[in-house]
Amino acid sequence: MFERYLPFLVWWRRMDSTTVKADLSAGITGAVIVIPQAIAFATIAGLPLEYGFYSALIVPIIAALFGSSWHMVTGPTTAISVLVFSTISVRYAPGSAEFIQCAITLTLLTGMFQLIFGALRLGALTRLVSPSVMTGFTAGAAITIALSQIGPALGVELAVTGNLGSFSGQLQQTMSEINPFSCLLFLVAFLTTLFLHYFKPGWPVYLIALVLATVIAHAMNAQAFGVVFISPITSVIPPVSVPFLSSGVIRDLAQGALAIALVGLLEAVTIARSIAMRSGQLINVNQEFIGQGLANTIGGFFSAYASSGSFTRSGVNYDAGARSPLAAIISSLSLLLILLFGYEMISYIPRPAIAGVILMVAFRLIDLRELRRVFVTSSTASAVVLLPFVSTIFVGLDFAIYAGVLLSIGLFLRQSSLPYIAKLAPDPETEPRTFRNALSYQLNECPQLAIVRIDGQLFFGATQSLNEQLRDLEELFPQQKFLLLLLKGVSQIDFPGADLIIREAIRRRSEHGALYLTARRRQISTSLDDYAVIKAVGEENIFPGKDAAIQGIAPLLDRSVCQTCLKRVFRECKDQPGPG
């Protein structure tokens, strides 16, 4: 019981000197990586830089202790930062005291939603959401991020809006105010990250770009030419905060908090599963929900803003040799030590350099290879990508994620409600007797008996489609009054599904035919008995398999039809008198 609610007890027992050394090395590497990320993500979220560090210090420790993944690192992320900004900026000015207070409250609400999802064990629902939703959403978020950094890159003030026409108009009006020194520092940072990502991907790319741009800025005395620098960080120790939970604030932020909770969980589960495929670890999705929920809930009381699993930090953590969640904890503690002795140096970084780094982050969010594969191979997946992408740019981020998730689940339910049925016939060229798709293999069918295989679930959402398909087959072959339903491919039957079978049996008898079933699985046989299907169909009309069914049904067919039949589809037909 303790291990179920305190998962760190499981991996803590595995610790030895080798594991600790590996985690120590990976943790220090992660601390260096997170510095430019925390700066960039806090900027995207519209928060003072220190709040990015608060999140990178507190949240990873809680998630490491209570999450399921041994390698995923939680903290500020691009998508979550954009959602935080879009949720609060419509009400308060970014960076203001009210904005910060709402961001902290939003973190608590996000964590509470995630805890509720975990407590209700809704982790399985993440399987219903297509990865294409996140692909489209992150691509749209990348465009939003890029637009938000054009102003700092050019050294002008631009209000980012969802209306691209309005934004273009603002940009044209400020063209004469562009600061060439800001543009130079922006290009230095951006091109440095681009070059190093291509040629030295294992290096701390963002950190090097910021250091280089900072050195150049101070060498040319950029501040004298109007270049904006980052405001000094007031403290690196996360202060205790009290989220403001009035009914009005909760009402204003609840919708955004739910969207952030969903995106955060989808991000975290995706990362945890992808790393688990490499490490061989089994992931408990519901426990991951709990870990993310606790991290954000507790983080809300220590000035952190909403966070989730980080693709970059988790990948670096695993590649650096991390053996357990201790690496994430060491990373946070190492970051604290670095900030305690060097936080004053952060104020020397020019703002256009941050824009260059953030633009590179946005550029790398767009998975062009995945987008190309989706658009080439699947029109359905293309729609799932395009809806959140277009919604993100023209409507809003929270609406985009709701629309993408609902479309993904809707398509899944639509697919589930369309059970596959196929008419079968024995292949005379096979021994022992094998039944194949009669249409695909152009096999002869019995003029009296239709053999239909059903694959899928016979639940309330599928009954109408199945009934329509059975009626279509009956119109094409009206002489086949007898029907054998093969339920081997049926995984589940509910009351409406059972009722459909009962009504089909009654209708067939009224037309001087009959309905027969094969049900080999115990679960299906039990459901047939529980829903009174066996009683309605007749126990003598239910068989364990196809061969037994044909042997039992053949003697019951209309002999006058058999005497004129030339097809002799079944072996049992040889015992029947032929034409003439």
Side-chain angles (χ1 to χ4, degrees), residues 1-24 26-27 30 55-77 80 107-108 110-127 261-262 264-302 304 306-311 313-318 320-334:
M1 183 181 69
F2 283 109
E3 291 180 353
R4 177 180 178 183
Y5 295 104
L6 304 174
F8 57 85
L9 295 177
V10 177
W11 57 263
W12 186 257
R13 290 201 301 266
R14 300 173 62 249
M15 304 303 296
D16 54 29
S17 59
T18 303
T19 302
V20 172
K21 289 179 182 178
D23 288 343
L24 182 63
S55 301
L57 289 170
I58 297 299
V59 173
I61 295 177
I62 307 302
L65 291 174
F66 294 96
S68 170
S69 175
W70 291 351
H71 300 98
M72 186 179 70
V73 180
T74 300
T77 70
I80 300 298
T107 304
L108 177 63
T110 297
M112 293 175 65
F113 275 124
Q114 291 173 334
L115 283 174
I116 292 172
F117 295 155
L120 295 177
R121 305 186 68 80
L122 299 180
L125 294 180
T126 59
R127 302 171 188 170
L262 290 173
L265 292 177
L266 289 173
E267 273 191 328
V269 171
T270 300
I271 295 169
R273 282 176 172 166
S274 64
I275 296 180
M277 291 178 65
R278 299 167 62 188
S279 67
Q281 184 202 350
L282 294 177
I283 298 298
N284 184 332
V285 176
N286 290 310
Q287 186 61 49
E288 202 58 61
F289 279 24
I290 297 294
Q292 294 295 310
L294 283 174
N296 283 311
T297 301
I298 296 174
F301 291 98
F302 289 93
S307 301
S308 180
S310 167
F311 283 99
R313 293 182 65 192
S314 300
V316 169
N317 187 51
Y318 180 78
R323 300 284 189 86
S324 76
L326 180 63
I329 298 173
I330 291 175
S331 178
S332 292
L333 297 178
S334 300

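Computed over heavy atoms, backbone and side chain alike; hydrogens, waters and symmetry mates excluded.
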Exercise. What residues, two or more places apart in sequence or in another chain, satisfy ring pair (Phe, Tyr, Trp, His ring centres under 6.0 Å) together with Phe66?
Worked result: Phe8
Exercise. Could you give the distance from CD1 (Ile329) to CG (Leu65), rounded to the nearest 0.5 Å?
Worked result: 4.5 Å
Exercise. Under the side chain to side chain donor-acceptor pair (under 3.5 Å) rule, what pairs show up with a residue in residues 55-70, not counting sequence neighbours?
Worked result: none
Exercise. How long is the span from the CD1 atom in Ile116 to the CG atom in Leu122, to the nearest 0.5 Å?
Worked result: 10.0 Å
Problem set entry | Interatomic distance, Glu267 atom CD to Gln292 atom CD [nearest 0.5 angstrom] | 9.5 Å
For this session: Compare all side-chain heavy atoms of Ile330 with those of Val20 and state whether any distance is below 4.5 angstrom.
Result: no
Seminar exercise, completed: Closest non-hydrogen contact found for Pro60 with Arg313 is CG-NH1, 4.2 Å
Exercise. Is Arg273 close to Glu288 at the side-chain level, that is, under 4.5 Å between some pair of heavy atoms?
Worked result: no
Exercise. At their closest point, which heavy atom of Leu57 faces which heavy atom of Ser332, and how far apart are they?
Worked result: CD2-O, 3.2 Å
For this session: Looking only at non-hydrogen atoms, find the nearest pair between Ala63 and Thr74 and report the distance.
Result: CB-OG1, 3.3 Å
Exercise. Looking at Thr110 and Ala306, what are the two nearest heavy atoms and their distance?
Worked result: OG1-CB, 4.4 Å
Exercise. Can you tell me if Asp23 uses its side chain to pair, donor with acceptor, with the backbone of Arg323 under 3.5 Å?
Worked result: yes
For this session: For Thr19 and Asp16, test the side chains for any donor-to-acceptor distance below 3.5 angstrom and give the result as yes or no.
Result: yes
For this session: State the CD-OG distance between Gln281 and Ser324, to the nearest 0.5 angstrom.
Result: 10.5 Å
Problem set entry | Pairwise side-chain contact, Ser307 with Thr77, heavy-atom cut-off 4.5 Å (strictly under) | no
Exercise. Do the side chains of Ile290 and Leu115 get nearer than 4.5 Å, heavy atoms only?
Worked result: yes
Exercise. Is the side chain of His71 donor-acceptor paired with the backbone N or O of Ala322 at a distance under 3.5 Å, no angle test?
Worked result: yes
For this session: Please identify each residue that fulfils ring pair (Phe, Tyr, Trp, His ring centres under 6.0 Å) with Phe302, with sequence neighbours left out.
Result: none
Exercise. Is Leu265 close to Phe113 at the side-chain level, that is, under 4.5 Å between some pair of heavy atoms?
Worked result: no
Exercise. To the nearest 0.5 Å, how far apart are CD1 in Ile271 and OG in Ser314?
Worked result: 5.0 Å
For this session: Hey, could you give me the CG/CD distance between Leu294 and Gln114, rounded to the nearest 0.5 Å?
Result: 10.0 Å
For this session: Please report the closest heavy-atom contact between Gly30 and Ser331, naming both atoms and the distance.
Result: C-OG, 3.4 Å
Seminar exercise, completed: Looking only at heavy atoms, the pair that brings Gly118 and Phe289 closest together is CA-CB, 3.6 Å
